[in-house]
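Inspection log for the structure reproduced underneath, given as structure tokens.
Just so we're on the same page: letters track the sequence lines, and every chain starts at 1.
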2 protein chains.
Amino acid sequence: MIKNDIFLVLEQKGNFSRTKAVLLVETILKSMKEALLRGEKIEIRGFGSFRVVPKKSGYGRDIRRNKQIPIAGGKRVKFKPGQDFKVKIKKLSVE
Amino acid sequence: MIKNDIFLVLEQKGNFSRTKAVLLVETILKSMKEALLRGEKIEIRGFGSFRVVPKKSGYGRDIRRNKQIPIAGGKRVKFKPGQDFKVKIKKLSVE
DNA sequence: TAAGAATATATCATTCTTGATCATCAGCTT
DNA sequence: AAGCTGATGATCAAGAATGATATATTCTTA
């Protein structure tokens with residue numbers, strides 16, 4: 001699924017024009033990124049939550065030279081799917 | 001940020017009615033969940049990607065009894081923020 | 001706004017991801 | 001439709017998440 005698929009869904013199921021659909025999606029994505037960049041968490045019940053958490057990891061690898069590379073700490077974004085969603089995804093293995 | 005905040009953004013910046021905003025968001029979230037439940041990956045350039053990956057983890061813990069509990073394998077959803085987004089988030093630590 | 005529903009937290013050991021970089025592949029804009 | 005921009009894969013070691021459960025907290029809906 002890519003952006004275009006979302007536009008199509010909005011055009012078909014939501015009856016929105018392509019222009020509106022694009023405006024919509026971009027607006028939502030932009031506001032979500034801004035929220036996370038402010039350090040806020042995003043919590044959408046039934047779907048999942050995004051949180052900005054500190055990161056300490058300290059080593060990477062230079063493939064060419066096959067040697068370790070120090071990595072500075074910082075923050076990262078973590079997504080956690082909702083409970084119901086998570087359970088359903090987990091069961092995909094059954095198929 | 002919660003669902004209501006997204007509705008507000010759509011009402012203000014996108015000039016959509018509350019009803020339309022709700023329909024929109026629910027439609028998008030639903031289609032995204034369905035895609036992932038079909039095993040598809042979702043890739044939104046500039047934001048990030050969601051993928052369904054296999055999981056093997058095998059042990060949990062019962063806090064009351066303080067003993068190990070076996071955990072069945074399955075699949076899980078993984079979110080990976082876009083490059084630019086990831087870098088910006090990482091720098092939040094500087095502040 | 002208040003009731004109802006969903007999520008965070010803490011716990012431990014095992015499994016898994018992060019992180020830089022180049023080449024390849026794929027999404028997105030014109 | 002094609003090119004440009006952006007994402008994935010592979011590598012290794014060490015730090016970090018997962019998973020079940022009950023309670024406290026927060027989101028959502030009627």
Closest contact, heavy atoms only, [X] versus [Y]:
X       : Y       : answer
A/Val77 : B/Phe79 : CG1-CE2, 4.0 Å
A/Met32 : A/Phe50 : CE-CE1, 3.8 Å
B/Leu36 : A/Leu92 : O-CD1, 3.7 Å
A/Arg61 : A/Ile69 : C-CD1, 3.8 Å
A/Ile71 : A/Gly60 : CD1-N, 3.3 Å
B/Phe85 : B/Phe47 : CD2-O, 3.4 Å

Which nucleotide sits closest to the side chain of [X]: [options]?
X       : options                : result
A/Asn66 : D/dT8, D/dC12, D/dT26  : D/dC12
A/Arg64 : C/dT21, D/dA7, D/dG19  : C/dT21
B/Arg76 : C/dA8, D/dT11, C/dT17  : C/dT17
B/Lys3  : C/dT14, D/dA13, D/dT29 : D/dT29
B/Arg51 : D/dG19, D/dG9, C/dC16  : D/dG9
B/Lys78 : D/dG9, C/dT17, C/dT9   : C/dT17

Rounded to whole angstroms, how far apart are [atom1] on [X] and [atom2] on [N]?
X       : N      : atom1 : atom2 : result
A/Ile42 : D/dT26 : CD1   : P     : 18 Å
A/Ile69 : D/dA10 : CD1   : C1'   : 13 Å
A/Ile2  : D/dT8  : CD1   : P     : 14 Å
B/Lys56 : C/dT17 : NZ    : C1'   : 14 Å
B/Tyr59 : C/dT15 : OH    : C1'   : 12 Å
B/Asp5  : D/dT28 : CG    : C1'   : 13 Å
B/Phe79 : D/dA17 : CZ    : P     : 16 Å
A/Lys67 : D/dC12 : NZ    : C1'   : 14 Å

Original post:
Looking across every strand, which nucleic acid part, if any, lies under 4.0 Å from A/Arg65 by heavy atom: base, sugar-phosphate, or nothing?
Top reply: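 Answer is nothing: A/Arg65 stays at 4.0 Å or more from every strand.
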**OP:** Could you tell me whether A/Ile71 contacts a base, only the sugar-phosphate backbone, or nothing, with contacts defined as non-hydrogen atoms closer than 4.0 Å?
**Re:**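 Touches a base.
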Subject >> Short side-chain N/O contact to D/dG19 OP1/OP2 from B/Lys55, under 4.0 Å >> reply: yes
Subject >> A/Lys90 side-chain N/O to D/dA20 phosphate OP1/OP2 under 4.0 Å >> reply: yes
**OP:** Tell me which residues in residues 11-26 of chain A put a heavy atom below 4.0 Å from DNA chain D, sorted by number, or none.
**Re:**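 The stretch gives none, as no residue of it lies under 4.0 Å from the strand.
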**OP:** Nearest-nucleotide wise, let me know which of A/Gln83 and B/Arg61 is further upstream toward the 5' end of DNA chain C.
**Re:**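 Whichever sits nearer the 5' end wins; that is A/Gln83.
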Original post:
Mapping A/Gly60 and B/Ile63 to their closest nucleotides on DNA chain C, which lands nearer the 5' end?
Top reply: B/Ile63
**OP:** Please round to the nearest 0.5 Å and tell me the distance separating atom CE of B/Met1 and atom CD of A/Glu34.
**Re:**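 That separation rounds to 8.5 Å.
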**OP:** Answer with yes or no whether A/Arg45 presents, from its side chain, a donor or acceptor under 3.5 Å of a partner atom in the base of D/dT26.
**Re:** yes
Original post:
Under a single-linkage definition using a 4.5 Å side-chain heavy-atom cutoff for Ile, Leu, Val, Met, Phe, Trp and Tyr, are A/Val25 and B/Ile42 assigned to the same hydrophobic cluster?
Top reply: yes
Original post:
B/Phe7 or A/Lys80: which one's nearest nucleotide on DNA chain D is closer to the 5' end?
Top reply: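 The answer here is A/Lys80.
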